[in-house]
Asker: 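Shown below is the structure under consideration.
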Amino acid sequence: MTDLPTSTEKKLGLVIDLDTCVGCHACVISCKGWNTENYGAPLSDQRPYGEEPMGTFLNRVHSYEVKPEGGAAQTVHFPKSCLHCENAPCVTVCPTGASYKRKEDGIVLVNESSCIGCGLCAWACPYGARELDQAEGVMKKCTLCVDRIYNENLPEVDRVPACVRTCPAGARHFGDFADPESNVSKLTAERGGMDLMPELNTAPVNKYLPPRLKDSWDDESVLAPFLEPVAEETQGFMGWLDKQLSRLPGDVKQTEGAE
Amino acid sequence: MHPAASVIVFTTLSGAGFGMLAWLGIDSTPSTGWGAFGYYFVAFALAVGGLLSSTFHLGHPERAMKAFTQWRTSWLSREGVCAVLALTVMGLYAAGLIFLGEALSILGWIGAILSLGTVYTTSMIYAQLATIPRWNTPLTSLLYLTFAIAGGALLTGKVTIALVLLVAASFVQVIWWKKGDTAFADRGTNLGTATGLGDRGEVRSLAHPHTSPNYLMREFIYTVGRKHVQKLRVISLTLMAAVPVVLLALFGANHFIALIAVLSHIAGVATSRWLFFAEAEHTVGIYYGMR
Amino acid sequence: MTFQQPKIDTSPKVSDEIRKTTCYMCACRCGINVHMKDGKVAYIEGNRDHPVNQGVLCAKGSAGIMQVNAPSRLKAPMKRVGPRGSGEFEEISWEEALDMAVARLKPLRDNAPEKLAFFTGRDQSQSFTGFWAQNFGTPNFAAHGGFCSVNMAAGGIYTMGGAFWEFGQPDWDRAKLFMIFGVAEDHDSNPIKMGIGKIKGRGGKVIGVNPVRSGYNAVADEWVGITPGTDGLFILSLVHELMKAGKIDLEYLAQFTNAPGLIDPETGLLLRNADDKVMVVDSVTGDLVPFDQKGARPNLGATYKADGKTYTTVMAKMAEKYLDPQYAPENVAEKTGVSAKKIKTIAAELARVAFEESFTLDHAWTDFRGDKHDKMIGRPVAMHAMRGISAHSNGFQTCRALHVLQIVLGTVEVPGGFRFKPPYPKPIEQHPKPHGKVSKSAPLDGPHLGFTRGPEDLMLKEDGSPIRIDKAFTWENPMSSHGLMHMVISNAHAGDPYKIDTLFMYMANMSWNSSMNTRGVIEMLTDKDENGDYVIPYLIYSDAYSSEMVAYADLILPDTTYLERHDCISLLDRPICEADAAADAIRWPVIEPDRDVRGFQSTLIHLANRLGMQGFVNEDGSAKWKDYADYIVNHERKPGIGPLAGFRGKDGDKVGRGEVNPDQLDRYIENGGFFVEHIPEGADYYKPWNSAYQDWAVGMGIYDAPSPYLFQLYSEPMRKFQRAAEGHGDRQPPENLRERVKYVMDPLPFWYEPFEDTAVDLDEYPIHALTQRPMAMYHSWGTQNAWLRQLHGTNPLYLPTKLWEKYGFKEGDWAKVTSTHGTITVPVALQEALNDNTVWTWNAIGKRKGAWALDKDAPEAKQGFLLNHLIHELLPAKGDGLRVANSDPITGQAAWFDLRVKIEKADAPAGEQSQPAFPEIKSPVGQGPDHLEWKVGK
Ligand SMILES: Nc1nc2c(c(=O)[nH]1)N[C@H]1C(S)=C(S)[C@@H](COP(=O)(O)OP(=O)(O)OC[C@H]3O[C@@H](n4cnc5c(=O)[nH]c(N)nc54)[C@H](O)[C@@H]3O)O[C@H]1N2
Ligand SMILES: Nc1nc2c(c(=O)[nH]1)N[C@H]1C(S)=C(S)[C@@H](COP(=O)(O)OP(=O)(O)OC[C@H]3O[C@@H](n4cnc5c(=O)[nH]c(N)nc54)[C@H](O)[C@@H]3O)O[C@H]1N2
Ligand code: SF4
Ligand code: SF4
Ligand code: SF4
Ligand code: SF4
Ligand code: SF4
Ligand SMILES: [Mo]
């Protein structure tokens, strides 16, 4: 049904930490693997061994450079999948009702057996989160691994999206944004989680944690606490060593308790 | 946006077809019998042909019936419903004219409104998309409607009205282009807002996520022919309005001239529609450092 | 209308069965859960219980399905029928293939075993392949370490008895400051990512030292965009700052390193007693005592007078050397491209975190002197480095310098610092020396590879000529512990030091991405002598896929894929241990091959059995093992010690040492394909000096007896080589190398200019050119993978803003890049976060047309390219006309990253075909399908 539910019980989604994403594409391929084998049609590949290979993927990692005024440029790896928008334009445009947002958890899904492959939902998504499968002719998108997160055939720890489970850097977090105590709500609050293209009012559920401030040592205005020499140069090695040895032993400042 | 032939044909032909139907519906002195058949045949051929063509780009045309279900939210669904209603009502009206020689003018009026409604719903499929700022304006509906009405007038032989409407359509078209050219920038969506990194500095795409173009890039990032845009705009205006206006003004409405004028107009509209898609930049392009 | 939505099955069945084995999509060797449906591989995920990856998996690992179904898989043994390089083959039976190989190898073994050169590339079974080569009797065996990262391994082992790479790891749970030098990915792929994630998650700081800011350097909080080849200078400048400020851990240096060792002013060797123990002055008693005397407190500042000589300490020598103003930040800033202020800031931060954020763990432990400690002192500064510092001709000394930096901060094997993984730490004395004594029809006198302690250990014949075809362990590279695989083909072609008959190679794409001077290598492999015979007479090769190398072999012994065979990730080999645990693992056939292929290790056993090789056959000539699985279980290196440490003994309850357990493989499979034995608390840090650890290691079979040792800040083996070059002893370097040996074999690390910089005209070739590994690709095998090649199927040359603007490049442009050796024409792209004078590209994306079952117009074969065409295995000739190897002069490590180039804008070549382009090879396996809809359980 292309009506958006007026509210959802849960707001499941991802937090993606741009401060730790190393751009390894692990999430991209585990997503491809899981979703090829599971929910819906396989994610097909055209010309897989040929010129211009082109396959369907539900998650892609871009690479950007940010050039701060006067500072060194920074590289940011940027994974992107469906943000499960609260105000999902992809859902309301769908003429068949194939696209819908689940009222229990807010996951935006495509019911492939109703989809006519008109592509309009992909047109309506600002983020490029939907890809029309060229072999099956139906729209594919991130399912938030709806067939994992509730799957009773999986051990409880594994009931998380494939991309989250696999991310080696721990840059992807899954949880319920409706619960202010959830890991994702807390991370978003602590680290200033951002919306993508907020001006389009899609109200994305997924949040991005901005990279922490970088290259603070390049800032000329920061007065670095340089090290003080122990001895004047003139006193030579023995003077230096004397001073050194008088420091012995011990310089412990903190103690970590027994574990 | 990739200017797929199917959508260009669809919007061009069905626009003209429904425009024609609208004029036919409100005609206070409709022709009947074979004369009516001629007009309605052309109008239905255009409208239905356009609609059929639009199904060519569907992944699953056999499920097309499902597309009528979501009229409460979806402009595409509304278009389908509206088109079917318009065609049905106008079909009944036409049947009356052709077979009974009767004009049930109330049906004609309803049909005309539905026909224009169809053009409007079509326009809204595009105008609703915030992702494509160039389209995302009420002017898009105005553009589609004026084109449809002008084309309809031309096709139904309403020469004087057509002359005026073609000139009006040209104006709307020029304004639409002008507004469109700055629409993306005016929207304020850029790689900075798309990544949330804009407040740190200039953001630039370093590498794409994949080796060769994928569905998104093929569908949404179309840069071919950008160099020739101005030329194409002139060609489009010339064919769509100038040629028909000049021909009709100079030679009046003889059949041969009218045919040339109509063909020129349709070619002009098609060119305009090609530009409509080819020039449209989708926000997805931003993620690729392209537009 | 009310809101309606379809009902979906959120609990579908995931698979019929999970089979747990070990990934082989790279050398990290993560544990994987292979989900099976209808007996087929349906989905691969990480194994949560596995010590290496703890459930996570990289892109390559998840793409394993596409490797196992790759159309490029070889199908059967093949013999060459067209000329070498054409790709024309005929499939033959295994019987015929083995007969052909034996017909060639038997006479060699009987008459001149050295005429077989057996080199095994990225081998994960080196302890087995080495055993095979040793029993064959040829001295010519090594794996890929020489062109890979021997500087890193040897630099670490010679200095501290262990290395980074995969032999150690930062204390990810306790480090607060992490400094990473020259790493794009490394072998410890997933653990490094997990570790960085942990450190950053706690708000710790990461410093990335790398000319390129991508991957790990992208997430680094501080980026040091250093000029390639100058890390040694940068590191020693940090040492200078720290020493000058007294921010060094004197207690640590005194107790655990040879800093208090006394240097004989005449020989430059350390003073030793009759038991060969290093002598120190006890600061309490003032007596001269062996370093490990109970209760001794070694004095760092002592002098000792005897026989009219004054001995001073290593510490004194270090102070003299590193306090010198040549290492002052101001004096290294220009060369390194790092400002003096930044160097000072980093030094201050290292000192602050190491000393002011230090902490203690309440783990009691006893050191080797018998001193009891109730606490362990943490220094939460950890470091890691890889090929960015090691793949330079000054790499060995730079690696040593980095270890010196860690050691003066006291951050090795302490909480929060860098930790070894079993079987490390292991002092030089516990490593073998190289062996090369050949006898007909008999095994070699010992293992091929090892660690030389001085000139007496070099692999030289009576006449001073090299014993080995790769000239490892000669004066050109006296400490070449991993051999020099990159020199084998060119030496064999030149017949220098001698001619060989058969080159037998395993999983090394030598005619493509793993060689320098690719075109040259292709020519050497196809070159014929005056009789029309190939100069390198015979080539046997084992690959699993239709790589570029396959076309150059005379006989192909096709391997299985990693899910179709037994393998053994052994403690005798490269470990998969964690700092807290010893671990090993297996692979087992989770599916059966659908082709006529065999696991290569089993093939070696079949060959050895037919050749009647000692070690493989019993007295009566019968085979000891029928295949590799049999060997893994039943082979014993020493009584009770075999390839696998877990589930030993009749009942499978013994660990490390124990009799053969016939059910061992089943026990591994039940346990998830691996085995872990944790190090007890209190034995987990200070391992080289910790009695509890030493005892545990003996129990595990890692050592035969406790072997505590001192870190070698001052390297005596190096001093011995240097001393020889000064004219002492009867083994003398040749005159053309004498000065070089004297210079580079400095027993204290120093920095010298990379050789290429002194050999080429830097005004003409001012730019550094590098490669990096993409995280989602493994060398050449990645781009045959239908999923991975969609991520990185092309590799533009990235240029920094300065060069981009200087040459007026625009998006989509091409450049001609020239070195003293060759020219390539390739697509370019801009990267702003890049050292001003450096360009780089992804490694091994470029493909030869016709290889890997790819279309000839695949992007990899069109725009893709190799930087290798610009790199030569020899440096340009000097005044004397001699060309020395483009390698580290100490270890022989290939100096990939010394490359200097010039750049010009160029027109795109016809068809956007990067240059040079080689003729297409005929694919022995055809081409892959044009679409895929992979789903096993429909
Ligand atoms: N320019 C440049 N060149 C480099 C480097 C660089 O940094 N820059 N790095 C160098 C380094 S460190 C290395 S280690 C080398 C690596 O270079 P190679 O050792 O050549 O590595 P691979 O490309 O991994 O390929 C080895 C071969 O193993 C085959 N193979 C894969 N799986 C199996 C299997 O299961 N069984 C068998 N029998 N064969 C298999 C593959 O098909 C391939 O032909 O490259 C070196 N070359
Ligand atoms: N995904 C993946 N993983 C792999 C491999 C693979 O092919 N793919 N290969 C495996 C193999 S065989 C190896 S040897 C390891 C190698 O692992 P890495 O050492 O990470 O290998 P490289 O990609 O060669 O990275 C070298 C890095 O050093 C930088 N660098 C170059 N010169 C300098 C310098 O002078 N100073 C500094 N500070 N940095 C410099 C380069 O920019 C680059 O980032 O990776 C292993 N792991
Ligand atoms: S797996 Fe994690 S670190 Fe790797 S690209 Fe995805 S989000 Fe980034
Ligand atoms: S990200 Fe795109 S596809 Fe996903 S809910 Fe939002 S608009 Fe729809
Ligand atoms: S492609 Fe499918 S899901 Fe998308 S709008 Fe069309 S029918 Fe709906
Ligand atoms: S949640 Fe599942 S479907 Fe969505 S990106 Fe992650 S793996 Fe793919
Ligand atoms: S790092 Fe990736 S490819 Fe390497 S073993 Fe682990 S999962 Fe496999
Ligand atoms: Mo390597």
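Note: hydrogens, waters and symmetry copies are ignored here, and every other heavy atom, side chains too, is used.
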Asker: Any luck finding a side-chain donor-acceptor pair between A:Q74 and A:Y64 under 3.5 Å?
Answerer: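 No, no side-chain donor-acceptor contact under 3.5 Å.
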Asker: Got a second to check how far C:W934's CH2 is from A:K32's NZ, nearest 0.5 Å?
Answerer: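 These two atoms lie 13.0 Å from each other.
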Asker: Applying the side chain to side chain contact (heavy atoms under 4.5 Å, CB included) criterion to A:H25, which one of C:H792, C:Q790, C:M777 satisfies it?
Answerer: C:H792
Asker: Would you call A:K10-A:E104 a salt bridge at under 4.0 Å N-O?
Answerer: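 No, A:K10 and A:E104 are not salt-bridged.
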Asker: Does a side chain donor of either C:Y43 or A:N38 reach within less than 3.5 Å of an acceptor in the other side chain?
Answerer: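 There is no such pair (donor and acceptor under 3.5 Å, judged by atom type) between the side chains of C:Y43 and A:N38.
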Asker: Which bit of A:V28 is near chain C, if near means a heavy-atom gap under 4.5 Å: side chain, backbone, both or neither?
Answerer: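 Only the side chain of A:V28 comes within 4.5 Å of chain C.
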Asker: Check whether A:E65 gets within reach of chain C through its side chain, its backbone, both or neither, counting any heavy atom under 4.5 Å.
Answerer: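 It is the side chain, since no backbone atom gets that close.
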Asker: Do the side chains of C:K205 and C:D221 get close enough for a salt bridge, i.e. N-O under 4.0 angstrom?
Answerer: no
Asker: Sort C:A220 into side chain, backbone, both or neither according to what part of it lies under 4.5 angstrom from a heavy atom of chain A.
Answerer: backbone
Asker: Looking at A:D19, A:D45, A:N153, A:T20, which one has more heavy-atom pairs under 4.5 Å with chain C than the rest?
Answerer: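 The candidate making the most pairs under 4.5 Å is A:D45.
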Asker: Please classify the contact between A:D158 and chain C as side chain, backbone, both or neither, with a heavy-atom cut-off of under 4.5 Å.
Answerer: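 Both backbone and side chain.
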Asker: Under a 4.0 Å threshold between the charged nitrogen and the carboxylate oxygen, would C:E349 count as salt-bridged to C:R352?
Answerer: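 Yes, C:R352 and C:E349 are salt-bridged.
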Asker: Which one wins on heavy-atom pair count under 4.5 Å against chain C: A:P53, A:P48, A:S44, A:P42?
Answerer: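 If we count pairs closer than 4.5 Å to chain C, A:P48 comes out on top.
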Asker: Considering residues at least two apart in sequence or located in another chain, which fulfil the salt bridge (Lys or Arg N to Asp or Glu O under 4.0 Å) criterion with A:E136?
Answerer: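 Result, salt bridge (Lys or Arg N to Asp or Glu O under 4.0 Å) vs A:E136: none returned.
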Asker: With chain C, which of A:L213, A:T56, A:V157, A:D17 has the greatest number of heavy-atom pairs at distances under 4.5 Å?
Answerer: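 Among A:L213, A:T56, A:V157, A:D17, the one with the most close pairs to chain C is A:V157.
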Asker: By a 4.5 Å heavy-atom criterion (distance strictly below it), what part of A:N111 contacts chain C: side chain, backbone, both, or neither?
Answerer: side chain
Asker: For C:P415, is it the side chain, the backbone, both, or neither that has a heavy atom closer than 4.5 Å to a heavy atom of chain A?
Answerer: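 Answer is neither: C:P415 stays 4.5 Å or more from chain A.
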Asker: Chain C heavy atoms under 4.5 Å from A:E52: which part of the residue, side chain, backbone, both or neither?
Answerer: backbone
Asker: Taking the side chain from C:N785 and the backbone from C:A63, do they hold a donor-acceptor pair closer than 3.5 Å?
Answerer: yes
Asker: With only heavy atoms counted, which part of C:Q927 is less than 4.5 Å from chain A, the side chain, the backbone, both or neither?
Answerer: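 Side chain only.
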Asker: Non-hydrogen atoms of chain C under 4.5 Å away: do they reach the side chain of A:R165, the backbone, both or neither?
Answerer: both
Asker: What part of A:C24 is in contact with chain C, defined as an atom under 4.5 angstrom from a non-hydrogen atom: side chain, backbone, both or neither?
Answerer: both
Asker: Counting only heavy atoms closer than 4.5 Å, note whether C:K200 contacts chain A via side chain, backbone, both or neither.
Answerer: both
Asker: Looking at C:E241 and C:K247, does any basic side-chain N land under 4.0 Å from a carboxylate oxygen?
Answerer: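 C:K247 and C:E241: not salt-bridged.
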Asker: Need one label for A:I149: side chain, backbone, both or neither, based on atoms under 4.5 Å from any heavy atom in chain C.
Answerer: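 A:I149 has no heavy atom closer than 4.5 Å to chain C.
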Asker: If I measure from the heavy atoms of chain C, does A:A72 come under 4.5 Å with its side chain, its backbone, both, or neither?
Answerer: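 A:A72 touches chain C through backbone and side-chain heavy atoms alike.
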Asker: What residue in A:G50, A:A171, A:G23, A:G170 has the most heavy-atom pairs under 4.5 Å with chain C?
Answerer: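 It is A:G50.
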Asker: Less than 4.5 Å apart, side chain to side chain, heavy atoms only: is that true for C:M243 and C:M315?
Answerer: yes
Asker: Checking heavy atoms, do the side chain of C:L791, its backbone, both or neither come under 4.5 Å from chain A?
Answerer: side chain
Asker: Measure C:Q831 against the heavy atoms of chain A and call it side chain, backbone, both or neither at under 4.5 Å.
Answerer: both
Asker: By side-chain hydrogen bond (donor to acceptor under 3.5 Å, both in side chains), which residues pair with A:S63, not counting sequence neighbours?
Answerer: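 A:H77.
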Asker: Is A:C21 close to chain C through its backbone or its side chain, or both, or neither, when contacts mean heavy atoms under 4.5 Å?
Answerer: backbone
